[in-house]
Amino acid sequence: MIKIAAAEAEIPFGQNDIAVITVQDKAICIGRYRQQLFAFAQSCPHAGVSLNDGWIDAQGHIVCPLHQYKFSLKTGWDKSGDYLVKRWKVAIMEDGIYLDTTFI
């Protein structure tokens with residue numbers, strides 16, 4: 001587990017509730033949805049564009065800004081089941097917010 005912030009206020013969320021952090025020289029997105037934090041790959045597995053330029057919809061999907069592919073924050077799969085976004089577990093503990101660097 002790697003500490004990514006002491007508190008949620010330190011994570012630089014945009015208006016789209018997505019932030020980009022660097023962990024072990026790798027850019028990772030942190031998404032905020034219904035008071036939960038999710039970590040996922042910055043690149044769309046379909047077209048390679050930056051998912052941090054997308055948004056999180058009302059159903060809890062990461063929406064790719066290029067083709068509007070929708071990926072579940074919980075499972076990582078797109079709605080058709082063809083593409084999977086890499087995800088990591090986020091843990092909120094008393095002393096900060098941590099990222100488990102193993103894939104879910």
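Treat the numbers as computed from the prediction; the structure is a model and nothing was measured.
The shortest non-hydrogen separation linking P65 to S50 is CG-O, 3.6 Å. Among all heavy-atom pairs drawn from D82 and W77, the shortest one is C-CZ3, 4.2 Å. The minimum heavy-atom distance linking T22 with D25 is given by the pair CG2-CA, 3.8 Å. The two residues R34 and A58 have their closest heavy-atom pair at NH2-O, 3.7 Å. Nearest heavy atom pair, residue A5 against residue E10, reads CA-OE1, 3.6 Å. Residues A41 and C29 come closest through the heavy atom pair O-SG, 4.2 Å.
Residues that satisfy the salt bridge (charged side-chain N to carboxylate O under 4.0 Å, His left out) test with D17, not counting sequence neighbours, are R32. Not counting sequence neighbours, the partners of D78 by the side chain to side chain donor-acceptor pair (under 3.5 Å) test are S80. Y98 pairs by the side chain to side chain donor-acceptor pair (under 3.5 Å) definition with D95, not counting sequence neighbours.
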Working for side-chain contact (heavy atoms from CB on, under 4.5 Å), residues S43 and L51: CA-CA 6 Å; S43 295; L51 290 174; over 6 Å; no

Does the pair K89 and M1 meet the rule for a side-chain contact (heavy atoms from CB on, under 4.5 Å), with working shown? CA-CA 9 Å; K89 184 177 179 181; M1 298 281 269; over 6 Å; no

Checking side-chain contact (heavy atoms from CB on, under 4.5 Å) for the pair F40/L73: CA distance, chi angles, key distance, verdict? CA-CA 8 Å; F40 53 93; L73 282 168; 3.9 Å; yes

Please evaluate residues C44 and L66 with respect to the criterion side-chain contact (heavy atoms from CB on, under 4.5 Å), reporting the C-alpha separation (whole Å), side-chain torsions for both, the decisive distance (0.1 Å), and the verdict. CA-CA 9 Å; C44 174; L66 184 59; over 6 Å; no

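In terms of hydrophobic clustering, with Ile, Leu, Val, Met, Phe, Trp and Tyr side chains grouped at heavy-atom distances under 4.5 Å, V63 and V85 are assigned to different clusters. Both I97 and I2 are members of a single hydrophobic cluster when ILVMFWY side chains are connected at heavy-atom separations under 4.5 Å.
Atom CG of L37 is separated from atom CG of L99 by 10.5 Å, given to the nearest 0.5 angstrom. With rounding to the nearest 0.5 Å, the separation of CD1 in I21 from CD1 in I30 is 4.0 Å. Considering CH2 of W88 and NZ of K26, their distance stands at 5.0 Å, rounded to 0.5 Å. How far OG of S72 is from CD1 of I62: 7.5 Å, rounded to the nearest 0.5 Å. Once rounded to the nearest 0.5 Å, the distance linking NZ of K74 with OH of Y33 reads 7.5 Å. With rounding to the nearest 0.5 angstrom, the CD1 atom of I18 is 12.5 Å from the CD atom of Q15.
Under the 4.5 Å side-chain criterion, counting only non-hydrogen atoms from C-beta, V20 is in contact with Q42. Counting heavy atoms from C-beta on, the side chains of W55 and Q68 come closer than 4.5 Å. Between I56 and N16 the shortest side-chain heavy-atom distance does not fall below 4.5 Å. Between L84 and P45 there is no side-chain heavy-atom pair separated by less than 4.5 Å.
Using a 30° and 60° split on the angle between ring planes, F71 and Y69 fall in the parallel class, below 30°.
Other residues, nucleotides and ligands contribute more than 12 heavy atoms inside 6.0 Å of the NZ atom of K3.
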